[in-house]
Protein chains: 2
Amino acid sequence: MAKNLKPSMKKIALETGVAESTVCRILNGQSKLYAEETCKRVMEAAARLKYRPNILVKGILSGKTRTAGVMIPPTATFMSKIIHGIHDELLAANYAMFLSWNDKEIASSDDDTELRIIHQLVDRRVDGIILRPTNDLVSGMYFNEIWERKLPLILVDRDIPEVSTDFIGTDDNASGVYIASKFIELEHHNICTFGVGITVNSFRERVNGFESTLSKDPAIRYTRIVENDLATAEEKLRNMIKQKDHPTAIFCMNDYYAVSAYRIIKEAGLRIPDDVSVFGFADIEHAELMSPPLTTMRQFPYEIGKQAAQLFLKKIESDATLPPVKLRIKPEPVFRQSLSKCNKK
Amino acid sequence: MAKNLKPSMKKIALETGVAESTVCRILNGQSKLYAEETCKRVMEAAARLKYRPNILVKGILSGKTRTAGVMIPPTATFMSKIIHGIHDELLAANYAMFLSWNDKEIASSDDDTELRIIHQLVDRRVDGIILRPTNDLVSGMYFNEIWERKLPLILVDRDIPEVSTDFIGTDDNASGVYIASKFIELEHHNICTFGVGITVNSFRERVNGFESTLSKDPAIRYTRIVENDLATAEEKLRNMIKQKDHPTAIFCMNDYYAVSAYRIIKEAGLRIPDDVSVFGFADIEHAELMSPPLTTMRQFPYEIGKQAAQLFLKKIESDATLPPVKLRIKPEPVFRQSLSKCNKK
DNA sequence: TTGTAGGCGTTATCAT
DNA sequence: ATGATAACGCCTACAA
């Protein structure tokens, strides 16, 4: 009977006795060209067969799939919110989103996950890619696969400095400056940073802004604890905090490290903020529930996602090669109870 | 010069002076059929042109895109973990994942987001769909679009009872039974539930198991507070808790409602668990940080996701129509400090 | 107002 | 050991 199994224009054409091109034009809104009677028959058949266009074909023909490849792990709320922003913006523009990621922290040379994912995306002819670099040592290797194909690439949250790509994230440097100024304003003179992963650009920027501000005041004693792994960092902080002249103010590279710092400070029998002030970064949910509630910087992940997707769409829909955009959204301090004026000496 | 802009088999064929079908076979691992020299030339050209196969075409030809449509909002950690499980399993099988969702709670009739998303997926010819129903009133409408095309559909977290589809989730009924038994064991005689959204099947199951167990003991006084909106539910609980004979044990439909219950109990000047015991559901992160730390049921979202994806793959890769699977993973109680023996009377 | 023909990139089939 | 051809579903020129 019906030769073709799946609904297609050909099948509609066969059933209605018109040419495929007729079906095509009617279904694509050029019905005014045709006799009302023909249109009706075609539309009716399409509805009856539950016809849906095959976008894969359009993709082949036009080279545009209205699809974005997104490589961001939804492992923390912060990241999920970025994805959320991207998603909403893409959906509004009727784009679909592939989501995939490699959540392994360490870049073992035999792990080709990133490459496999990029190939999955390229082979499906996504129009571009939005990704959050894991750290700047690894990711670079795979970027070639993207650039070689001249696919728009938008980085979020973490920039890769050596490379001129579009980037949407937080103004980390300014944040570091802000927090340092705050510590100075509160008369702290013995200060340290605490965190893991200096190969992550956002952390580096925070530290840079922070240190450059502190260094203006020669009376300040400063120690940087940003190690390659948490255990080492914790060990260092534990040792410092035991000393009589321990730091009175700690800038934690993010709120998770602040949780860790809290524990170390409390174990040493010190109080927050009376003995040690703590400033976090990111404003994760339980920052508010910590005791005392953590003072931290609130970022705008949903907004970052939205902006990233908007830029993505702009890049795609203008054929011209636009110069790379770097957008750093200013975070907002959230003052709670982990910060006070220096009580010491 | 090179006529075609993008790398393709045709282009490789042109550059190397062989036929397209030759290129095709060599690139698909049938090189032993050919002269070494030819293979080398073709491979070299492919590498030089950075050739990547166009999977869209394979999709058209084979009807298989190695792609899943996933409709789950990564709005809570629980859901992100489900997505994580699905992702890992799909990636291992070299499937790609479209992710999209409608996070509007209320089903306004002019909101066609769900339908639009399903069309996005269908039009891109996904091999099947994994989704978490928002509630059983709404989603049904759109399922037709999926069934009509005989696409495998796997439900996660929330089943839709009237419908015989594959489902992977938590054993909610057994959980309700368990918690009720626990309350009875702790000699509570005045008990209530607290939550929002009885049109959500998982909640209904929890309540069913809970109530059916309680009803075996006629000495127990029981009130169900499961309303259509949070404000109403809170109002009811607030009123109850003020009474002299307030409930001494509350089963919250999930941990978020437990947060709300905690506040109401504390505002009434009562202590947890001395005056009122609270049992949550889901084990969200800050359950542990609440004061007192919340006793709750831990679910296994990552596992749910993995199982869902495995089932998805099984459905797709066997042509036969398998009977629907319903898998309910048993959650695990996590005892912390919000639960105690009844002190009253 | 409608139809025909060719092509997009790949593969399977049937030659040579 | 290699080529030619048709087909997948859709679209665009170019007829008629």
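Atoms considered below: every heavy atom in the structure, side chains included; atoms not considered: hydrogens, waters and symmetry mates. Below, read A as the first sequence line, B as the second, and so on, with proteins coming before strands; counting in each chain starts at 1.
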task: Using only heavy-atom distances, decide whether a donor-acceptor pair under 3.5 angstrom links the side-chain of B:Ser21 to the base of D:dT5.
output: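 Checked by distance alone, the answer is no.
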
message: Between D:dG9 and B:Arg125, counting only base atoms on the nucleotide and side-chain atoms on the residue, is there a donor-acceptor pair under 3.5 Å?
response: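 No.
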
Expressed in angstrom and rounded to an integer, what is the separation of [X] atom [atom1] from [N] atom [atom2]?
X	N	atom1	atom2	answer
A:Lys6	D:dG9	NZ	P	9 Å
A:Glu20	C:dG7	CD	C1'	13 Å
A:Lys11	D:dC8	NZ	P	13 Å

task: Tell me which nucleotide among C:dG3, C:dT11, D:dA1 gets nearest to the side chain of B:Cys24.
output: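 Of the candidates, C:dT11 comes closest.
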
- prompt: Could B:Lys326 and B:Asp166 be called an ion pair, given the rule that one side-chain N must be under 4.0 Å from one carboxylate O?
  reply: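 Looking at B:Asp166 together with B:Lys326, the answer is no, because their closest N to O distance does not fall below 4.0 Å.
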
- request: May I ask you to say whether A:Glu15 pairs ionically with A:Arg48, meaning some side-chain N is under 4.0 Å from a carboxylate O?
  value: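 Salt bridge flag = yes for A:Arg48 with A:Glu15.
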
Taking only N and O in the side chain of [X], is any of them less than 4.0 Å away from OP1 or OP2 of [N]?
X	N	value
A:Thr22	C:dT2	no
A:Asn28	D:dC11	yes
A:Lys58	D:dG9	no
A:Tyr51	D:dC10	yes
A:Lys10	D:dC8	yes

task: Would you kindly compare A:Ala19 and A:Ile60 by the position of their nearest DNA chain C nucleotide and give the one closer to the 5′ end?
output: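 Checking each residue's closest nucleotide, the 5'-ward one belongs to A:Ala19.
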
task: Using a heavy-atom cut-off of under 4.0 Å over every strand shown, decide if A:Ser62 touches base, sugar-phosphate, or nothing.
output: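 Since no nucleic acid heavy atom lies under 4.0 Å of A:Ser62, the category is nothing.
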
CD (A:Glu36) with more than 12 external heavy atoms under 6.0 Å: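 Not more than 12 within 6.0 Å, no.
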
query: Would you say A:Lys40 has more than 12 foreign heavy atoms packed within less than 6.0 Å of its NZ?
result: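 Not more than 12 within 6.0 Å, no.
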
query: On DNA chain D, nearest-nucleotide positions of B:Leu33 versus A:Asn54: which is more 5'?
result: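 Looking at the nearest nucleotide for each, B:Leu33 comes out on the 5' side.
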
query: Counting only N and O atoms by type, is there a donor-acceptor contact under 3.5 Å from the side chain of A:Arg149 to the main-chain atoms of B:Lys50?
result: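 Here the side-chain-to-backbone pair exists.
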
